[in-house]
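Since we're looking at a predicted model, the values are computed, not measured. The analysis underlying the following values was restricted to heavy atoms, covering all of them including side chains, and did not include hydrogens, waters or symmetry mates. Indexing begins at 1, ligand by ligand and atom by atom, following the structure's order.
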Amino acid sequence: MIIRSGRVFLKNKLVAASIKILSEKIHSIHSYSYSDGDEIIDFKDKIILPGAIDGHVHFREPEAIAKEDFTTGSAAALAGGVCSILDMPCYNSPPTITIGALTEKEQIAARKSLCDFGFHFGASPTNVELIKKLQPPSLKGFLTKTNSPLTLTEEDLKKHFAIYLPHLPFLVHCEDQKTIDQNKLKYSEHHKIRSIKAAVRAVKNVNLLGRKFKRRVHFCHLTTATEVSTAKSQNKKLSKDLPGLYPNYFSCEVSPHHLFLSTADIKTLGVYANVNPPLRDKKEVAKLWKKLKYVDCIASDHAPHRIEDKENGASGFPGVQTMVPLVLDAVLNKKLKLQEAVRLFSSGPAKVFNIYYKGEIKEGYFADFIVFDPTASWQIKEEELFSKCGWSPFLKRTLKGKIYCTILRGQQAYLDGKILLKAGEGKPLIRTKQIGQIPLFLKKHSKEAFFSF
Ligand code: DOR
Ligand code: ZN
Ligand code: ZN
């Protein structure tokens with residue numbers, strides 16, 4: 001099959017081109033008028049972008065499936081131009097801190113997912129030995145109290161930092177619990193209790209540990225410019241040790257709600273505005289926008305809760321379906337360059353999470369695309385949301401541009417409001433912990449940990 005349009009995102013520019021697709025991959029890229037007898041789908045002057053990757057979703061399976069499941073969550077992803085997701089190990093039970101829990105999730109996703117998927121493994125105080133053997137492609141830990149065994153003390157974090165291969169991303173939710181607990185004595189508002197200070201303290205601690213153990217850290221959902229610069233401090237100096245594997249020891253993500261909402265929205269959203277880490281004031285949001293060039297990727301932190309859960313103060317927003325549309329609306333409003341947008345939602349996450357053959361329109365890569373109509377517009381309405389939770393903090397917003405079609409490994413997966421794939425057509429992502437031969441600085445790590453994967 002050949003797809004073509006007058007505006008294909010190639011080498012950071014929009015050019016007229018055609019793309020030959022053969023067995024799920026991009027076979028070759030040609031001039032617009034190319035033809036070799038294959039069927040041609042001409043998207044005229046709609047914009048063809050690489051499919052998006054969302055490295056931070058909570059699809060709630062197993063167990064919390066009243067809020068979301070893999071089929072509804074991945075349908076929301078495809079409708080939002082997201083071809084690949086990485087599901088978090090927390091806020092479902094059992095948490096993904098054992099091989100059994102991971103296998104169970106893989107089987108659920110293989111049966112139910114519509115988009116491609118991978119998993120972050122969870123670091124817990126009791127599974128250090130398992131991580132040493134398993135060395136999963138990414139690992140997530142929390143410094144705050146969670147209703148799961150993923151809460152780590154600094155000691156636990158040090159144990160995991162010491163044995164987890166240093167070039168693999170260790171993801172951390174950075175809010176300092178002690179500071180939050182002290183704030184509870186002074187404030188009642190959610191966004192004041194989970195203060196910026198609590199976030200910056202946690203980021204600083206984790207950055208210092210990353211430097212001490214000389215190991216990669218990925219900072220989840222940073223909310224202020226100060227967190228970004230704190231997360232990245234000493235990154236340049238340290239990163240020379242990571243030859244070609246990854247340009248950054250310290251990488252970070254921001255979530256759409258911390259760019260497109262602020263504490264000013266609390267008056268309309270009320271308790272629905274609860275999210276961890278919380279919304280920040282307009283001043284902080286403006287400063288965060290200025291720091292985006294230091295941010296490695298955007299990630300939705302898709303955390304669906306039903307209306308009744310939100311009424312009871314549950315923290316979190318659905319976001320996987322609205323993330324790319326919000327970012328592309330910002331591009332059309334000249335708040336962001338298209339090149340930056342694509343780096344944030346496609347090539348950036350592919351690099352951070354070592355996802356092979358995704359994140360760019362390049363020969364040999366999977367044929368994942370977003371076909372975007374910049375002349376249309378989209379008002380975010382409940383009935384058009386695929387997430388089971390049935391609401392969004394962005395309801396009623398009208399965005400410039402609209403996703404017309406999402407193509408997953410060469411198949412039209414979403415077209416003009418409809419999902420065209422069947423549950424289970426999503427496939428596991430190809431992620432490896434190692435690119436090429438063992439880099440020198442890994443020598444100090446025990447070999448069996450390395451080869452057991
Ligand atoms: O607000 C949040 N909700 N932040 C998190 O870190 C977890 C998420 C959830 O899964 O509900
Ligand atoms: Zn989090
Ligand atoms: Zn999360």
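Of the options H218, H173, E253, a side chain to side chain donor-acceptor pair (under 3.5 Å) to H56 is made by E253 and by none of the others. Under the side chain to side chain donor-acceptor pair (under 3.5 Å) test applied with H305, the options H58, K67, E68 reduce to a single match, K67.
Looking at residues two or more places apart in sequence or on another chain, you find no ring-ring contact (aromatic ring centres under 6.0 Å, His included) involving F345. In terms of the side chain to side chain contact (heavy atoms under 4.5 Å, CB included) criterion, residue partners of K159 (sequence neighbours excluded) are, by chain and number, V128, D156.
Formation of a donor-acceptor pair under 3.5 Å by the E425 side chain with backbone atoms of K422 is found in this model.
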Which pairs of N or O atoms, one from ligand 1 and one from the protein, are separated by less than 3.5 Å, and what is the distance for each pair?
from, atom 1, to, atom 2, distance (Å)
ligand 1, 1 (O), N276, N, 2.8
ligand 1, 1 (O), S315, O, 3.3
ligand 1, 1 (O), G316, N, 3.3
ligand 1, 3 (N), S315, O, 2.9
ligand 1, 4 (N), N276, O, 2.8
ligand 1, 6 (O), H173, ND1, 3.3
ligand 1, 10 (O), R60, NH1, 2.8
ligand 1, 10 (O), R60, NH2, 3.4
ligand 1, 11 (O), R60, NH2, 2.9
ligand 1, 11 (O), H305, NE2, 2.9
ligand 1, 11 (O), S315, O, 3.3

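Because its NZ or CZ atom is both nearer than 6.0 Å to the ring centre of Y357 and within 45° of the ring axis, K25 counts as a cation-pi partner of that residue. By the 6.0 Å and 45° rule, K335 stacks over the aromatic ring of W289.
Of all N, O or S atoms in H58, the one lying closest to the Zn ion (ligand 3) is NE2.
Using a 4.0 Å cut-off between a side-chain N of Lys or Arg and a carboxylate O of Asp or Glu, R343 and E340 qualify as a salt bridge.
Ordered by chain and number, H173 ND1, H221 NE2 make up the set of protein N, O or S atoms under 2.8 Å of the Zn ion (ligand 2).
In this structure, H302 and F59 have perpendicular ring planes: the angle between them is above 60°, well past the 30° mark.
Side chain to side chain, N276 and H221 fail the donor-acceptor criterion of an N or O pair below 3.5 Å.
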